[in-house]
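The figures that follow rest on heavy atoms only: side chains count, while hydrogens, waters and symmetry mates do not. Residue numbers begin at 1 in each chain, while the letters A, B, ... track the order of the sequences.
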Amino acid sequence: MNKGEELQGNMHMHVFTFKLDPRTKIYLLLLVNAAVFLSPSFQFERILMAIILSLCFLMGMFSFSLKMMLGYGLILGVHLVSEMFLSGAWELMFVSFTMFIRKIFPCVVMGGLLVGTTKINEFMTALGKIRISKKVIIPLAVMLRYFPMIGEDWRYIKDAMKLRGISPSIIGFLKNPVQTVECIYVPLLMAASKIADELSAASIARGIENPKERTCFQHVSFQFSDSIVMFIFTFFVFGGVFIC
Amino acid sequence: MIRRKHSVVIFLCTTIHYNGNDNHYQCNKVNIVIITIGRKRSIKMYSQTIQQKTLSIKDLITVGIFSALFFIFMMIGSALFAPNPVLTFLMPAGAALLTGPIYLLMIAKVPKFGPILILGILLAIITFVTGMYWLWSLACIGVAIIGELIAAIGKYKNISINILSYIVFALHPMGSYVMLWLNQQAYKEYLVGQGTEQAYMDTMLTTAQNWMLPTMFVGTMLCALISGLLGKKLLRKQFEKSGVLA
């Protein structure tokens, strides 16, 4: 996709959905974490999930919010069924497991929203704006960029292992653990250290050491929608804790 | 009254040094001050200054790349256990089992003050953003500070001390399980309210409380030790010879 198309894509998105500042999303995530911790009742959790899912829907993540809704329903279903039909240790095990999942579910959905609707450069700019040190931002950017490359490296390594007649599966690992482990770790770590050298040369050439504040193609600032969403969530969490 | 023999207080002071450019400051000296308070309130103070080279851009990028590998291997290790009601408590051990070599190689490549702390902060950000329980994120940072201090004792060169620091660092997923023990009263009331027998619940929870948490700690530390020894072997056999560490 070239720049023009990307720009058009963004404008297209503006028509149907609304955008939030990454800082707002970070704030909401903190708030949801607090809400889950303080949550007084089951009712409160369900309303919280409903609000989060409708926010996902409004921000244009249709399939994601549907999937999450189904997942939440499934967890509630497992909970109810295990309560009704199981007893003793099994009930305890399943009920505590579903409780565990239910507790982290709102945060997972919120995190998915943050990751799914924020571009990496926007996120970096937002982190820079809340004055997080460059010593954290640079490794974070490199880390996020490097994730897909690990998959690529892994595919090459798997091919090379097959060529040498070492199976990169669990069976191969059980047959010949030491060799398999070495064949995975050594090339991955070697490639990582080599890429670190190349990448640092490249990014110094592109001016990463510039001490001025970084700029971003996307406009990162608070809008009216940010304040509305923040108000609704704050109001619900602190009001709900007392009422529900 | 404190009944312990010694209580140890560790202060970490950083001196900030301006190098002329007002936007760009760097921390170049770390003073570790250890104060022990003995039985009769005798106070002893040891201080050690570690002269630091500052973290360069290359170091930051290396830490970023190794953190990505660390995170992926941690995910692979824990993927087997986390979404399973019976095995979920083995997850910290599984996560610790694969990441040792990466941790050790990262310290070997960047033997300065900072890599472990940055790794901890990055893990905290990732776990927080993907919606894990917030105590996990806090635990990441706390454990990273302790790990960093331990590794600093050996000046980042002593591999046994680095393994020790890894064993401490590997405890970070415990943060999310502590929830079950912290919130136990509410948990118990909830389960009893759902119709489980009170007596049964009590025995179940007390047994769980008595053996589960220590077992998880010990299991995780054991896995971390195995992983660390594997990493030591790999470093000796492969990386030192080939000059990657130079």
[atom1] of [X] to [atom2] of [Y]: how many Å apart, nearest 0.5 Å?
X: I138(A); Y: D59(B); atom1: CD1; atom2: CG; result: 11.0 Å
X: S203(A); Y: I57(B); atom1: OG; atom2: CD1; result: 7.0 Å
X: L55(B); Y: K134(A); atom1: CG; atom2: NZ; result: 14.0 Å
X: K58(B); Y: L199(A); atom1: NZ; atom2: CG; result: 12.0 Å

Quick check on [X] against chain B: is it the side chain, the backbone, both or neither that has a heavy atom closer than 4.5 Å?
X: V181(A); answer: side chain
X: V115(A); answer: side chain
X: L29(A); answer: both

#### Entry: Closest non-hydrogen atom pair, K109(B) against S193(A)
NZ-CB, 3.3 Å
### Summary
Of all heavy-atom pairs linking A196(A) and T62(B), the shortest is CB-OG1, 3.7 Å
Measure [X] against the heavy atoms of chain A and call it side chain, backbone, both or neither at under 4.5 Å.
X: L69(B); answer: both
X: L234(B); answer: side chain
X: L60(B); answer: both
X: L119(B); answer: neither

### Task
Answer yes or no: does atom CZ of R145(A) have more than 12 heavy-atom neighbours from other residues, nucleotides or ligands under 6.0 Å?
no
### Query
Within the side chain of Y185(A), is there an N or O that forms a donor-acceptor pair under 3.5 Å with the backbone of L98(B)?
yes
